[in-house]
Amino acid sequence: MTTTHTSPATPEAPATRPPAKSLLARLVGNAAAGPLAALVIAVIVFALTTDTFFNIDNGSLIVEQFLVVGTLALGQTLIILTAGIDLANAAIMVLGTLVIAKLGQHSLPGGLALLVGVLLCTAIGAVSGTLVTRLRLPPFIVTLGVLSVLTATGQLFANGESFGVSSGVLTFLGKRSYLFGQIEVTNGMGVAIVLIVGLWFLLTQTSWGRNVYAVGDDEEAARLTGINTRRTLLSVYVLAGFVYGIAAWQALGRIPNADPNAFQTGNLDSITAVVIGGTSLFGGRGGIPGTVLGALVVTVLTNGLTQAGIDSLYQQVATGILVIVAVAVDRVVRRRAA
Amino acid sequence: MTTTHTSPATPEAPATRPPAKSLLARLVGNAAAGPLAALVIAVIVFALTTDTFFNIDNGSLIVEQFLVVGTLALGQTLIILTAGIDLANAAIMVLGTLVIAKLGQHSLPGGLALLVGVLLCTAIGAVSGTLVTRLRLPPFIVTLGVLSVLTATGQLFANGESFGVSSGVLTFLGKRSYLFGQIEVTNGMGVAIVLIVGLWFLLTQTSWGRNVYAVGDDEEAARLTGINTRRTLLSVYVLAGFVYGIAAWQALGRIPNADPNAFQTGNLDSITAVVIGGTSLFGGRGGIPGTVLGALVVTVLTNGLTQAGIDSLYQQVATGILVIVAVAVDRVVRRRAA
Amino acid sequence: MNQPRSDAASAQAPAPHTADVVMSASGLVKRYGNVVAISESDFEIHAGEVLAVVGDNGAGKSSLIKALTGALVPDAGTIELDGRQIHFHGPRDARAAGIETVYQTLAVAPQMDIATNLFLGRPLRREGFLGSGLRMLDHKKMRTQAAEQLDRLGIATIQDITQLVGTLSGGQRQAVAVARAAMFGTRLIIMDEPTAALGVRESRQVLDLITRIRDRGVPVVLISHDMPQVFEIADRIHVHRLGRRVAVVSPRTCTMTEVVGLMTGALQMGADGTLLESTTQHMPDEKATSHRPPESPE
Amino acid sequence: MNQPRSDAASAQAPAPHTADVVMSASGLVKRYGNVVAISESDFEIHAGEVLAVVGDNGAGKSSLIKALTGALVPDAGTIELDGRQIHFHGPRDARAAGIETVYQTLAVAPQMDIATNLFLGRPLRREGFLGSGLRMLDHKKMRTQAAEQLDRLGIATIQDITQLVGTLSGGQRQAVAVARAAMFGTRLIIMDEPTAALGVRESRQVLDLITRIRDRGVPVVLISHDMPQVFEIADRIHVHRLGRRVAVVSPRTCTMTEVVGLMTGALQMGADGTLLESTTQHMPDEKATSHRPPESPE
Amino acid sequence: TSTKSGGSDSSAASGGKVSIGLVTKTNSNPYFVKLRESAQTEADAKGAKLIALAGKFDGDNQGQVDAINNLVTQGVKGILITPSNSTGVLGAIKAARDKGILVIALDTATDPASAVDATFATDNEAAGVKQGKYVKAALGSKKPAVVLLDGTPGSTVDDLRHKGFLEGFGLKSGSAEIKGTAVTNGDQTKAQTAMENLYQRDHGINAVYTINEPAAAGAAQALSGKTGVVIGSIDGSCTGVGNVKSGKFAATVMQFPKKMAQDGVDAVVDYAKTNKKPSGFIDTGSQLITDKPVAGLDSKDTAWGLKNCWG
Ligand SMILES: Nc1ncnc2c1ncn2[C@@H]1O[C@H](COP(=O)(O)OP(=O)(O)OP(=O)(O)O)[C@@H](O)[C@H]1O
Ligand SMILES: Nc1ncnc2c1ncn2[C@@H]1O[C@H](COP(=O)(O)OP(=O)(O)OP(=O)(O)O)[C@@H](O)[C@H]1O
Ligand SMILES: [Mg+2]
Ligand SMILES: [Mg+2]
């Protein structure tokens, strides 16, 4: 190596500076541009083809219908970001509703029953997380096992009954009020917004969030850079469990009755929302805004197709096709953006 | 670089030659050692704890019960090896049974009806494969969409009915005979063996199989080495579709009645079998022997727990736990083997 | 950088007959969003030569050869092979044309063993009906040949030929990729930093291998940061800078310092093939803060 | 290879006071199935020195440093830091002890941008309550510092600091890993082939950086295949062969040819620190067919 | 005990105790839970051993066939089954009967009915008719605008109830009065969402058919605050009757799963003792429950309902 060259590090790159990102792109991130486009298209189509879709009442209804699966999808997002998957989330939530409702019916004041239920969900998340991190089992298998166990446990616990709730705290999220005397809102919407903003903040503004993405992107690299990958993973499952607990509360707000048979497709529905929202099943890419949009897309499809007078079997056909189309749109938009 | 060193390439590694692999390890491969251990343990436990489990008749029964989901899992294995996932496999099969049965009932001779049904399944596989390879959509989303469309299509097609079949060809796989006058076998078992050996051969002994593993291991690397990754992926979906067609035939052999509501958990069941069988959901690792063992583990659990007089809710709890344990055993065994 | 097209500049390097050109490209462009990886670059390799491609990190060398082998599709520009214009739709097409490449990322399948990786997409079949009819692979032969091939590269420390490539050491893994290209290339072999992770002895073997390949009549493109290596083995040197070819020089008439000067922009090649101190080292449209972050937060 | 333990051999290199030993290891062993990656190896680095580790591909250099940083748990052996025995349970523990490492595989997160990768696991928080209370990250500051750091390494071709690391060129990516280690190492910095993918100018910057780090009083372990580089910068050279340390020599008293001889086994170091022609170049338990496949088919 | 096939000498299998297999459609439906509980209670009372199995979902023929096979191997004396599909499990039933096992269909008949020894069931079509007649009558002179909340299309019980409702109401499938149908899988959440969306489409809806009481509860929740919609249902669970009482929906048609289960268990125990098999279709009856009776329809009030509900 005879040549030593010490020309100073003057930056010499052909400097095409990136054009300022649009406010929208900054808010939702690039990953969410696709589902946003899909949502906008769906809304426009339904607004044009039906008379009953595009009005404030139906808007409120859609948001209400979004709440439970949307909340499940928030927890699911955390887990999928780490390249995991949670098949048990709906089962955890359902067990939560059962415990809350049963305790609230008889023994405990509503608030305390709620607390116990949410803690139970969090604890189950901790168990799944421990199995994933300590035994290094695939999340698919762990949560499949937990799903099987919890579904049966819920049914044994309920013993063929379902439990109605009436207490103020337990149905608090279902309570309606009117904004500007016009827009029907429920307390659940408020809680959802707090949860969405909180999780978004954690994922994007804190180093915990960076660690979550890093673990999902390349777990070994994350480990080598000194990230406590186990603790990060475990915390993700625990936090997701907590979110499912909140989903249980939301579910009771919407249906003041805890039924062991409810939400049997909640796991797939929430995964669908997450994936439509642009989060990669291989981890490390995506986020909360996309999931919210993804869950809204699915809700809008069901709602709008019904308004359009399409029967549920044909709706199912249409939904299947539209889910594929929504993700295809996402691909195209993202390729454009890149 | 002043030093040129031309010492000949004499092999100088401390040559600890690998110990000859056991016949067993060679037959099932390392990946399948875990599920094999799980299976053996399960069989021993049930043989010791019940009177009715360990006998030839029950052995035949277990194999029969294994056939349909086992066949679905074979197709699923192909797709998971490429880092995909097929949520629609059972729906494809069910549509296959409906079409075969309806055609066989009225219009066509059994053999022709069967052919049409199997070709239909293959064609649906080709559609999924095309969406995955051309639009580069995630297999999860594509097959979720297909699942939704096909489930509804099946119901619309059946229009609330279910179709019985009686023709010889269509129920041929359910026909029993006795080996050595003792062992009850069905024709379906023969077909399953042919399928298992055939797929094993394709995956391990041909360059197509190598390409499948390479695509699942690292798609970009496979592409750069000149493998036609698109064609490989597409062929995987097509072949899997064909296998689902055979599964439809197996299903009619076992239950000579095509019902649009059947096998709703067939997709998850088959994925479970594949994953217990040691095939990685991230692709590139695993194979047919593991899947066969994985599917047998699940069948043996249900069968054995019933023999042990355990009710189905408790069975579900036990199965959930045992699925986790089976994979944990796999982990331990594989770590030993490594 | 008001500079003449570099075809003129190649007068500096010995100019063989154009009939000898094996592969050439002109006006190649590749952009990724705002990033320009290839910026109107030209390329030319002649029969029977070792052409070194040198340039700073990020100059676009890897992107250039990816464009040549179909691994990426350029936004603009034409590529010719043996004088006829071609459009590779993927690396597969390049391979079919006899072009083998060692990519910088190696393109190995980590969960597959060494032999399988060597023969990825290029299977050895059994003899007789088993191979032609059943299309069965000859695993044993592939293993034997793989072991021989690695021996020849001097990779003597591989203890277990059935080891998965993902568990190999960095250098061992690179040797697998080099061995693969060397085994199958018939028309042109392209190597992107093939000795980066190799040891002293192993690097030497690869250089010997490249010489042997050239002597066999197959031209070789060698991307390398190792100047002594380049000057030892190359017949011509293609200097890449800021996404384009800025000069082609001969190692016999040019010093290492000059080549490095060209790479970094301290020197420029004039239209007549002479080297000049660069007066406009900074490009006109350049901003001093070019790789500072945009002001806006997040 | 009936050879004395290499502690004796290190007499050849200038032997500083043992009190100066920053990190040492003895009797390290790591096996993967049948493969022996580290075979009773020793290791020692002293305060304020640059220790080069050289050896053939697959000699076990990367495995050795992984064992030192907790990235792998050795099967046997002890490690001491500042004279006290330690057990790292993971790279995290090493990092907490002030040890930073550039792994050969770089350990970067491909889908994250450059700044995030530089500060992975070492976040910069905002000032005031936002940082201490809400634990908010200071994205802007991280980006600015990242850009500065890369400037300092001479990586001038990064066009967009928000680029994902997975889309960077090989050399750019390596620079990110080097910059990270340099920013955070306080006790010891270990670099596994940090210049393998770097260009001429960038390599030079990294060597300068290493010198600066040493002058700052932080010792550096440098694994490299580039002998001129090693001889230019190293204070002592640790020669690794077949999984163990076979010699420690001084670049001032030893030639490159001798070091290469030690690496390949052509030379051996005697108990008194003198170099001898190796009589038993082949190990006693060696088989000529060692990395041929087992005879049995599949 | 013999290690040979357990099926051929079944009584030996569980040490003298008669063992009885129960195979329900699912574990999850409260109706089947009560059926199972009643069977368990009765079996305990009679000193018999009950093994309760189930399909995984409505329509799980394969699961039921596996369950029957496994019960046969286990050596049960009789099998009580609520077939998920009237034809899907006949092969397995035949095999069981060939081994001398008594097979009784509970709740749902097989097609042909002779495939089993006997059937103890609600006449689901008749129950549907009752719901349809009541809803029609309760509407009075209003022009009907009907929504049908189905369970799972293709399931036998669903079809029979759906058909019965239309017949009782005087509609044909495709009538203009039908403003929409939805598949709810008998799930309250799905029923609620479907009802909300259907109502959003057409505020004129005034009659709702539901496949079961959870679906009715979902519909009621969706329509809470809206008056003048008549919701009918079928099942007769205590929750359902309670909902009728509180006015959430207008009426439900009660079934008597307890009776089915008890009769079924008794029949097997009898068979074990006396080798006598029951035969034919035994209708366990259904009863319209409402607090707003209409002329010409036999109904009981919710007080009676709460005394006789099944769980
Ligand atoms: N997929 C991509 N997306 C965005 N930018 C890219 C992508 N691939 C390459 N680049 C950019 O294009 C430029 C050229 O990269 P390339 O890999 O060709 O450089 P190189 O000359 O091979 O460098 P090195 O010597 O470091 O390997 C770099 O600035 C790089 O960051
Ligand atoms: N996970 C593993 N499984 C099996 N063998 C391994 C594994 N990791 C390393 N090895 C083997 O251990 C030996 C030492 O590898 P190591 O990476 O330490 O070598 P190295 O000296 O760093 O080589 P290079 O110069 O090529 O980077 C090699 O033979 C390698 O194949
Ligand atoms: Mg490069
Ligand atoms: Mg190394």
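Naming: A, B, ... by sequence-line order, numbering from 1 per chain.
- Considering all non-hydrogen atoms of both residues, D:Ser169 and C:Gly58 come closest at OG-N, 3.4 Å.
- Judged by distance alone, the side chain of C:Asn57 and the main-chain N or O of D:Ala197 form a donor-acceptor pair under 3.5 Å.
- Note that NE2 of D:His225 is 11.5 Å distant from CZ of C:Arg201, once rounded to the nearest 0.5 Å.
- One distance of note links CD of D:Glu193 with CG of C:Leu198; it measures 9.0 Å at 0.5 Å rounding.
- Rounded to the nearest 0.5 Å, atoms OG (C:Ser203) and CG (D:Asp226) are 9.0 Å apart.
- In this structure, C:Glu202 and D:Asp56 have side chains that are in contact, with non-hydrogen atoms separated by less than 4.5 Å.
- There is no contact between D:Gln174 and chain C, counting heavy-atom distances below 4.5 Å.
- Counted within 6.0 Å of CZ on D:Arg125, heavy atoms from surrounding residues, nucleotides or ligands total more than 12; the atom is thus considered enclosed.
- Screening C:Thr167, C:Asp160, C:Ile158, C:Leu168 against D:Val35 for a side chain to side chain contact (heavy atoms under 4.5 Å, CB included) leaves a single residue, C:Asp160.
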